[in-house]
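Keep in mind that what you see is a predicted model, and the values were worked out from it rather than measured.
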Amino acid sequence: MSAREAFRVAMQALIANRLRSALTTLGVLIGVMSVVLLVAIGQGARSEITGAIEGLGSNLLFVLPGDGDFGGGPRRSSFVLDDVERIDRELLGGGTRVAGYTIGSEVLQAEGERLTATVLAVTAGYPAVLSRELARGQGLTESDVVTARRVAVLGATTAETLFPGQDPIGRTMAIGGVRYRVVGVLARVGGGGSPFGPDQDRNVLVPITSGQRLFGTDRLDAIFVRATATQTVEADRAVVRRVLAQRLDAEEFSVISQDEIIGVVGDILQILTLVLAAIAGISLLVGGVGVSNIMLVSVSERTREIGLRKALGARTRDITRQFLLEAIVLTGIGGAIGLALGIAGAQLVAALAPVPAEVTGWSIALALGVSVAVGLVFGVLPARRAGQLDPVAALRRD
Amino acid sequence: MSGGVAADASALLLEAIDVVRTYRLGRDVEVPALRGVSFQVDHGDYVAIVGSSGSGKSTLLNLLGVLDRPTSGQVRYDGRDVRELPDAELARLRNQRIGFVFQSFHLLPRLTAVDNVILPLVYRPGTKRERRERAEAALAAVGLADRMAHRPGELSGGQQQRVAIARALVTEPALVLADEPTGNLDTTTGEDIMALLESIQAEQDTALVVITHEPEIAHRAARTIVLRDGVIADGSSP
Ligand SMILES: Nc1ncnc2c1ncn2[C@@H]1O[C@H](COP(=O)(O)OP(=O)(O)OP(=O)(O)O)[C@@H](O)[C@H]1O
Ligand SMILES: [Mg+2]
């Protein structure tokens, strides 16, 4: 029997059992749809987060407490403000290239408006080093830091929430119950509060010294260094290591480049994506078992037909191929529709939810390949059973 | 008698030599359905097989139709022992040399008459158009030119058996095997069907082996083989 003929026969059989075929297809369809959709969400999260890290500017070094083994949980920081100054003295050229911060969460209040926000107690160089731009007013100065002045620069959302419809510059507000004067507002970063990171616009910057007083600490949570070029990142890393090693043990700090963080975070999210794909794959597997099941029913129902076809000259191979093709058509159709729905679903999610979704080529190829493979794998058993039926016994069946 | 015509051709079509077929039921129960049957069918022959129920008629016909292989002994087609042929070769033999007509017609209910007749042609080379033309010609030859697009459920029993005969003939086989072809039909319709089979046997020089319970049919055959308990009790030519 020619392939075309076999395909026609398979289609006829599927159409003859429309409802059953549709329901069987549904299992595969849902499986493929969930693979495409979940992988799209995973990939979307990955590019969003790595994009956010890249958005901090380029050639950054992050100096973090601990030996860089995140498995140990959060470490108490040993950094102090003097470390920032000593690193700054050793680094050559490029203006302000070192910044540090201590981070906390406080209740902000202004004229009856209340907001809980991230408070970043920063050195004066923080906005420059981390590419934060000022929208209005002024930034924090060295003198603000030296004198521990109680002045604040608001994130865009913070400003709108605390001072709706007003100019916040020059107004006073309370941070954790302490009075501060607003001197500036940061430009909006955008992106909103995705489930994958804090809202960059819902924060407030204060001088590191006054912030440390507020939090009751003399430590810094992190130090940031911007290299002047990609080629000098490693030289700067060496400088930072040397300076910090004068005062701290090697386990007390680690210097990680932006690329390393993007790499690690990217890897983690890639694994997350694969886990999602695997979970969705299970539903595809269940769909495949459904196909197998229905094909066995179909073989058993059509035993007489198989016997007849053999009597008329069909070889074992012809029969096997006919049923295999039927299974593949079943799963192929499910795969195609599932793919279309998965892509549509991903676009819907991207449009409606804060979760980004990105349909990738490999998930499409995977979904289609797997659905056809599912047809093959789960069709083989019933198809072989059909092919090997004894024609005499098959013809006698009623 | 039409059998006489075949004698001129006198070429041997198939030969059963001491054929034994034993069915196994479970581990150690053996049912001997055929216990050593030998006979020959020539090209254009007309053989009736009779015998009481359970005597092994269908078993023998299945062996002649190479749907089954003997437990021992030989079925030889064109001098070749069927037992030595691979499955694909048997399929080819059935497709090219043999036409089956069954008591219960065995038409596929979702196919039209013409598509049912096309079925055996699907397993050989050819274009869709050629197949259709041959199937239509075969249906016309059995008097169903005006029933091409009917499905089996829309045809009478006699018409269904005519479709089945058209399906057996469309491949121009050397041998038609019919297992009680009139068993599900009333007497008059049965006679029409037998007349049709006999005319084909006579006109197309096709060998016809028919299992029957009806003595009148057996009398019309060139030879009658009487089976009793798996052996030939009487294999005489008339
Ligand atoms: N698949 C089988 N398994 C076991 N025994 C079988 C099988 N097929 C046939 N038999 C036995 O073989 C013997 C011959 O059966 P067969 O069908 O050839 O008889 P028959 O002459 O065609 O009978 P009928 O006129 O009723 O059709 C019977 O005893 C039957 O029970
Ligand atoms: Mg019988």
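For B:Ser156, the side-chain hydrogen bond (donor to acceptor under 3.5 Å, both in side chains) partners two or more places apart in sequence, or in a different chain, are B:Gln159.
B:Ala91 and A:Ala314 make their closest contact through CB-O, 3.7 Å (heavy atoms, listed as atom of the first residue, atom of the second, distance).
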Verdict with reasoning, B:Phe102 to A:Leu308, per side-chain contact (heavy atoms from CB on, under 4.5 Å): CA-CA 10 Å; B:Phe102 305 95; A:Leu308 174 72; 3.9 Å; yes
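Only the side chain of B:Leu111 comes within contact range of chain A, with at least one heavy atom under 4.5 Å from a heavy atom of that chain. With a 4.5 Å cut-off on non-hydrogen atoms, A:Ala311 touches chain B through its backbone and its side chain both.
Within a 6.0 Å sphere centred on CZ of A:Phe7, heavy atoms belonging to other residues, nucleotides or ligands number 12 at most.
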Less than 3.5 Å apart and able to act as donor and acceptor by atom type: which atom pairs between chain B and chain A qualify?
unit_1	atom_1	unit_2	atom_2	d
B:Asp87	OD2	A:Thr316	OG1	2.8
B:Arg94	NE	A:Lys310	O	2.7
B:Arg94	NH2	A:Lys310	O	3.4
B:Asn95	ND2	A:Leu312	O	2.7
B:His106	NE2	A:Leu395	O	3.3
B:Arg110	NH2	A:Glu305	OE1	2.8
B:Tyr123	OH	A:Arg309	NH1	2.9
B:Arg131	NH1	A:Glu5	OE1	3.2

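Chosen from B:Ile98, B:Val66, B:Leu67, B:Leu107, the residue pairing most often with chain A at heavy-atom distances under 4.5 Å is B:Leu67.
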